[in-house]
Amino acid sequence: MTSLFQQIISNLKFAQLRQELAVAKRLFILNFQSKKLLSLLHTALAFIAISAILFASNGYHTGFQTINNVSGYLPESLLQIITFLGDSTVALALMLFFARKNPATLWVVFVAAIIGMMISHGMKDYFAMLRPASVLASTEFYIIGKPVYLGSFPSGHSLTIFVFVATLMYFSSRKQTQLWLLLFGMTISLSRVLVGAHWPIDILIGSALGLISTVLAVTICQRFTIGFNLVIHLLLLTLLFAAGLSLFQHDGGYPLAADFAKLLAWFTLFVVIKDYGLNNVITKTLASTHLLHKMHKIKRNN
């Protein structure tokens, strides 16, 4: 049994992963891209400037009805799936698709998520702004999914998706990919107004905070590289994997996104099996179980 266990462990790609982490650490430190960080900050400042203009023009609720009314022309199931992509559990699960190719993304997004969570919860508690469901009658706007009444400013979903997007933008070398990622993040942020969960200013500030959190995270991770340690990396992977598995039972308050969540959970399971050698482990385990069963049957017959 000990020998079998050693064979199974040997099939895991841990030794290879340790080397990849060492290489990823060196590349991350050597390829510090200050211009990309400035670009992310400029985008964040643009979002803040737009929110300031909206607030100055007609107050905190400016633009909500105009954007929210578009929901009447879109399928509810589509809106639920799009806005569900901004859920923190989903964002963590999605990182599994990039963690093996570039392990540095995992450390950066983890640090950025902590920074963003602290900022978001602190601001929500401090400002205690009411959401549309607390201010408007249900007949005055489109509300999709479970109504939420408190903690409007800033938008947590917007912050989350822009931590995810900004991390990938930083590590992407193609301008076109960076643009598509930005549009992806903006679409999901905008969906928070479409489903009636936030005011436009909420999503603009939330998106800006996601970008700023990522810039801070990249800077911090340059100095503190403990995330490239194999044990820490595996702990973070376990957290992501747990998030992926939880999607079998998690819809974020959007029931029409439940099937999509389950599909994403299956994909994350497949990625972990493929990327980290678990296919070999599963094969070895099944083979050993079959062998033990045959040995037990022979002994019983004798």
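Every value quoted in this text rests on a predicted model; they were computed, and no experiment measured them.
- Hydrophobic clustering (side-chain heavy atoms under 4.5 Å, transitive across Ile, Leu, Val, Met, Phe, Trp, Tyr) keeps Y142 apart from V195.
- Considering all non-hydrogen atoms of both residues, S189 and S207 come closest at OG-OG, 3.1 Å.
- With Y170 contributing its side chain and Q33 its backbone, the two residues share a donor-acceptor pair below 3.5 Å.
- Legend: residues meeting side chain to side chain donor-acceptor pair (under 3.5 Å) with T214, ordered by chain and number and at least two apart, are absent.
- The side-chain contact (heavy atoms from CB on, under 4.5 Å) test applied to I143 returns A133, F141, P147, not counting sequence neighbours.
- Residue L106 is grouped with residue F97 when hydrophobic side chains (ILVMFWY) are merged at heavy-atom distances under 4.5 angstrom, including chains of intermediate members.
- Through chains of ILVMFWY side-chain contacts below 4.5 Å, V23 is grouped with L27.
- Between F171 and F98, the distance from one ring center to the other does not fall under 6.0 angstrom.
- A search for side-chain contact (heavy atoms from CB on, under 4.5 Å) contacts involving A91 returns T160, not counting sequence neighbours.
- To the nearest 0.5 Å, atom CG of residue L41 and atom CG of residue L216 are 8.0 Å apart.
- L209 approaches L159 most closely through the heavy-atom pair CB-CD1, 3.7 Å.
- The line from CG of L85 to CG of L94 is 6.5 Å long, rounded to the nearest 0.5 Å.
- Side-chain contact between I205 and F47 is absent, with no heavy-atom pair separated by less than 4.5 Å.
- In this structure, I144 and S71 approach most closely via the heavy-atom pair CD1-CB, 4.4 Å.
- Side-chain contact check for S191 versus Q80: every heavy-atom pair is 4.5 Å or farther apart.
- To the nearest 0.5 Å, atom OG of residue S152 and atom CG of residue L150 are 9.5 Å apart.
- Checking R192 against T83 by side-chain atom types alone, a donor-acceptor pair falls below 3.5 Å.
- Atom CD1 of I212 sits about 4.5 Å away from atom CD1 of I48, to the nearest 0.5 Å.
- Pairs of residues two or more places apart, or lying in two chains, that qualify as side-chain hydrogen bond (donor to acceptor under 3.5 Å, both in side chains) and include a residue from residues 241-251 are D87-H250.
- No chain of hydrophobic side-chain contacts below 4.5 Å, direct or via other Ile, Leu, Val, Met, Phe, Trp or Tyr residues, connects V148 to M117.
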Please tabulate, for the side chains in residues 172-185, all donor-acceptor contacts under 3.5 angstrom to protein atoms that are two or more places apart in sequence or on a different chain.
from: S172; atom 1: OG; to: R174; atom 2: N; distance (Å): 3.4
from: S172; atom 1: OG; to: R174; atom 2: O; distance (Å): 3.4
from: Q178; atom 1: NE2; to: S172; atom 2: O; distance (Å): 3.0

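- Listed by chain and number, the residues in a side-chain contact (heavy atoms from CB on, under 4.5 Å) with T225 are K25, I29, F228 (sequence neighbours excluded).
- Separation of atoms CD1 (I203) and CZ (F64) is listed at 10.5 Å; rounding is to 0.5 Å.
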Test side-chain contact (heavy atoms from CB on, under 4.5 Å) applied to V218 and L37, step by step | CA-CA 8 Å; V218 171; L37 294 184; 4.0 Å; yes
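- Partners of F127 under the ring pair (Phe, Tyr, Trp, His ring centres under 6.0 Å) rule, at least two apart in sequence or in another chain, are F153.
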Determine all donor-acceptor pairs shorter than 3.5 Å in which one atom belongs to a side chain in residues 53-61; sequence neighbours excluded.
from: S57; atom 1: OG; to: I53; atom 2: O; distance (Å): 3.3
from: S57; atom 1: OG; to: L54; atom 2: O; distance (Å): 2.7
from: Y60; atom 1: OH; to: D202; atom 2: OD1; distance (Å): 2.4
from: Y60; atom 1: OH; to: D202; atom 2: OD2; distance (Å): 3.2

Under 3.5 Å donor-acceptor pairs involving side-chain atoms of residues 256-273, not counting sequence neighbours:
from: T268; atom 1: OG1; to: L264; atom 2: O; distance (Å): 3.4
from: T268; atom 1: OG1; to: A265; atom 2: O; distance (Å): 2.7

Give the C-alpha distance, both sets of side-chain angles, the deciding distance and a yes or no for side-chain contact (heavy atoms from CB on, under 4.5 Å) between L239 and F110.
-> CA-CA 10 Å; L239 175 64; F110 176 72; 4.2 Å; yes
Between I67 and L190, does a side-chain contact (heavy atoms from CB on, under 4.5 Å) hold up when you go through it step by step?
-> CA-CA 8 Å; I67 298 172; L190 191 63; 3.8 Å; yes
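- Nearest approach of A112 to V163, heavy atoms of both residues: CB-CG1, 3.6 Å.
- Among residue pairs with one or both ends in residues 109-134, those qualifying as side-chain hydrogen bond (donor to acceptor under 3.5 Å, both in side chains) are R131-H198; sequence neighbours excluded.
- Counting non-hydrogen atoms of other residues, nucleotides and ligands closer than 6.0 Å to CG of L30 gives a total above 12.
- Between the side chain of T43 and the backbone N or O of S39, at least one donor-acceptor pair lies under 3.5 Å.
- With hydrogens and angles disregarded, a donor-acceptor distance shorter than 3.5 Å links the side chain of E140 to the backbone of A137.
- A single hydrophobic cluster is seen to contain both L17 and F28, as judged by linkage of ILVMFWY side chains at heavy-atom distances under 4.5 Å, directly or through other members.
- Between A99 and T105, the shortest heavy-atom contact is CA-OG1, 4.1 Å.
- Atom CE of M129 sits about 10.5 Å away from atom CE of M123, to the nearest 0.5 Å.
- No donor-acceptor pair under 3.5 Å is formed between the side chain of W107 and the backbone N or O of I232.
- Applying the side chain to side chain donor-acceptor pair (under 3.5 Å) rule to S51 yields no partners; only residues at least two apart in sequence or on another chain are considered.
- Considering all non-hydrogen atoms of both residues, A93 and L247 come closest at CB-CD1, 3.8 Å.
- L194 is connected to V135 through a chain of hydrophobic side-chain contacts under 4.5 Å among Ile, Leu, Val, Met, Phe, Trp and Tyr, so both are in one cluster.
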I201 and T62: side-chain contact (heavy atoms from CB on, under 4.5 Å), yes or no, with the steps?
-> CA-CA 8 Å; I201 288 176; T62 303; 5.6 Å; no
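- Counting heavy atoms of neighbouring residues, nucleotides and ligands inside a 6.0 Å radius, atom CE of M169 exceeds 12 of them.
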